[in-house]
There are 2 protein chains.
Amino acid sequence: MTQNRDGAGTRAGDAYDAIRQAIRTGHFGPGERLRFSSLQALCGMSVTPVREALTRLTAEGFTVLDDHRGYSVARLSLAELRDITATRQLCEGEALRLAVMKGDADWEARVVAAHHLLARIPQGREGMPSVMREDWEARHGAFHAALISACGSPTLLEICGKLSLQADRYRRMSVSVSGAARDVLGEHRELLERALARDTDGAAEALREHYGRTAAMLANFFEP
Amino acid sequence: MTQNRDGAGTRAGDAYDAIRQAIRTGHFGPGERLRFSSLQALCGMSVTPVREALTRLTAEGFTVLDDHRGYSVARLSLAELRDITATRQLCEGEALRLAVMKGDADWEARVVAAHHLLARIPQGREGMPSVMREDWEARHGAFHAALISACGSPTLLEICGKLSLQADRYRRMSVSVSGAARDVLGEHRELLERALARDTDGAAEALREHYGRTAAMLANFFEP
DNA sequence: AAGTCAACGATTTTCGAAAATCCTTCGGAT
DNA sequence: ATCCGAAGGATTTTCGAAAATCGTTGACTT
């Protein structure tokens with residue numbers, strides 16, 4: 001007697017999703033220690049799949065392992081935010097360059113569709129119901145993923161994906177930061193237009209500036 | 001009663017090392033299925049730490065998991081070799097640029113020392129005792145790691161490290177490939193000289209060519 | 001009073017077996 | 001003959017408890 005549906009995944013996979021979500025939403029804060037007893041209660045399963053989930057999360061940088069001393073949520077720092085941003089500008093910038101060069105009509109369609117979905121929700125920042133905001137985050141990620149989806153390099157895409165997950169932790173801080181005077185909507189439209197116009201270097205440059213602005217805004221959190 | 005020394009690591013860590021080495025050396029070939037029974041026999045421990053090791057190895061791309069169907073060694077392909085090489089040229093090229101710009105005297109010393117150790121073993125290719133060859137591989141990796149060690153970006157260094165591990169699997173095929181007419185020693189010296197001369201772009205370009213040549217040589221394996 | 005070390009409690013890590021899942025084989029129906 | 005489906009074996013996945021490890025407390029020495 002179990003609750004596993006048909007050919008679905010494993011319990012370890014469910015634990016991975018649950019714990020990652022708990023970290024994303026702040027249920028476990030940066031630096032907080034993760035005891036197995038708590039996690040077993042949260043996930044409703046034995047220690048083995050929880051442990052496997054933590055191993056995966058650690059490989060992706062969400063958690064940190066101290067041998068025989070247990071796991072804890074990875075801390076956030078201004079230095080790391082800057083580092084991740086710079087690396088993203090490098091990797092995702094190049095990925096976009098390649099995608100704009102190689103992308104076919106299907107890629108254009110994916111990008112247009114993803115942008116349309118994103119644009120229907122005007123702003124992803126403050127004063128928004130959390131359900132709607134969650135939706136915005138998902139569509140925002142989908143738009144950026146669509147942009148580089150035609151780059152032709154699985155390795156580069158995987159790197160960009162992992163960096164995006166890391167950056168997401170920082171982006172989530174912005175729920176309470178004053179939105180400043182920033183036209184995120186416009187930046188996305190510019191990205192879309194340059195990509196469709198096959199302005200290879202222009203699109204890559206716009207993307208780098210886009211990430212640079214986001215990082216600059218988030219940086220206010222670390223020097224009070 | 002256990003064989004764990006002092007404050008040493010965990011069994012899972014030992015299993016990780018053992019299995020990774022077994023894959024590196026070809027004891028388990030590409031695509032080969034990895035049954036827990038075999039791995040438990042190899043590592044001399046229970047299923048739990050072996051499973052954790054496989055989870056880590058999968059996160060790094062050495063193995064592949066098919067839910068409820070078990071793990072197997074990741075396959076090699078020409079397409080992936082090219083993809084990894086291109087991504088390496090991008091990431092490690094930029095890392096070297098940064099390191100050459102920012103590196104201090106300590107960095108120079110590390111690079112010179114690592115190059116000296118590498119140069120004492122003339123060639124890492126064919127007709128070499130495997131123990132010596134293993135040593136060459138280690139020093140080769142250390143030299144490349146030293147070159148970029150001053151780039152100032154932990155994220156980028158981690159990416160380069162993982163890519164290097166992946167590329168290592170391909171490089172190991174070259175034990176049986178005819179060494180062609182290639183001056184690896186000279187390429188390394190050129191890399192060293194340009195780095196020390198602070199020829200930022202020149203060093204990065206030399207590194208990209210270095211990896212490009214290696215990949216071109218290894219490509220002979222996939223089209224018979 | 002400060003320092004050392006053994007014993008204890010809390011927690012991680014590992015084990016051996018049970019449960020779940022997948023693949024194959026074999027019997028029967030169309 | 002072919003296709004469908006159930007039983008069996010092999011293997012992965014998970015469980016619950018035992019073993020190992022770390023941090024701390026408190027007695028004892030200098």
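Throughout, a chain's letter reflects where its sequence line sits, starting with A, and its residues are numbered from 1.
- Residue A:R11 has a polar side-chain atom (N or O) positioned under 4.0 Å from OP1 or OP2 of D:dC15.
- Atom pair A:Q40:CD and C:dT13:C1' shows a separation of 13 Å (rounding to whole Å applied).
- Rounded to a whole Å, the CE atom of A:M45 is 22 Å from the P atom of C:dA18.
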**Q.** Working for side-chain hydrogen bond (donor to acceptor under 3.5 Å, both in side chains), residues B:Y16 and B:E52
**A.** CA-CA 8 Å; B:Y16 173 85; B:E52 180 164 337; over 6 Å; no

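- Map B:G70 and A:V47 each onto its nearest nucleotide of DNA chain D; the residue landing nearer the 5' end is B:G70.
- Rounded to a whole Å, the CG atom of A:D66 is 10 Å from the P atom of D:dC22.
- Between the CZ atom of B:R69 and the P atom of D:dT12 there is a distance of 12 Å, given to the nearest Å.
- Going from atom NE2 of B:H68 over to atom P of D:dA10 covers 20 Å, rounded to whole Å.
- B:L54 comes within 4.0 angstrom of nothing in the nucleic acid, heavy atoms only.
- Ranking C:dG16, D:dT12, D:dT13 by closeness to the A:T10 side chain, first place goes to D:dT13.
- Taken to the nearest 0.5 Å, the CZ atom of A:R56 stands 12.0 Å off from the OG1 atom of A:T63.
- Comparing B:E52 and A:R35, the nucleotide of DNA chain C nearest to each residue sits closer to the 5' end for A:R35.
- Atom CD of B:E60 and atom CZ of B:R20 lie 7.0 Å apart (nearest 0.5 Å).
- C:dT11 atom C1' lies 13 Å from atom CG of A:L65, rounded to whole Å.
- B:F36 has its CZ atom 6 Å from the C1' atom of D:dT12, to the nearest Å.
- In this structure, the side chains of A:F36 and A:L54 come closer than 4.5 Å at one or more pairs of heavy atoms.
- Counting to the nearest Å, the C1' atom of D:dG23 and the CG atom of A:D67 are 16 Å from each other.
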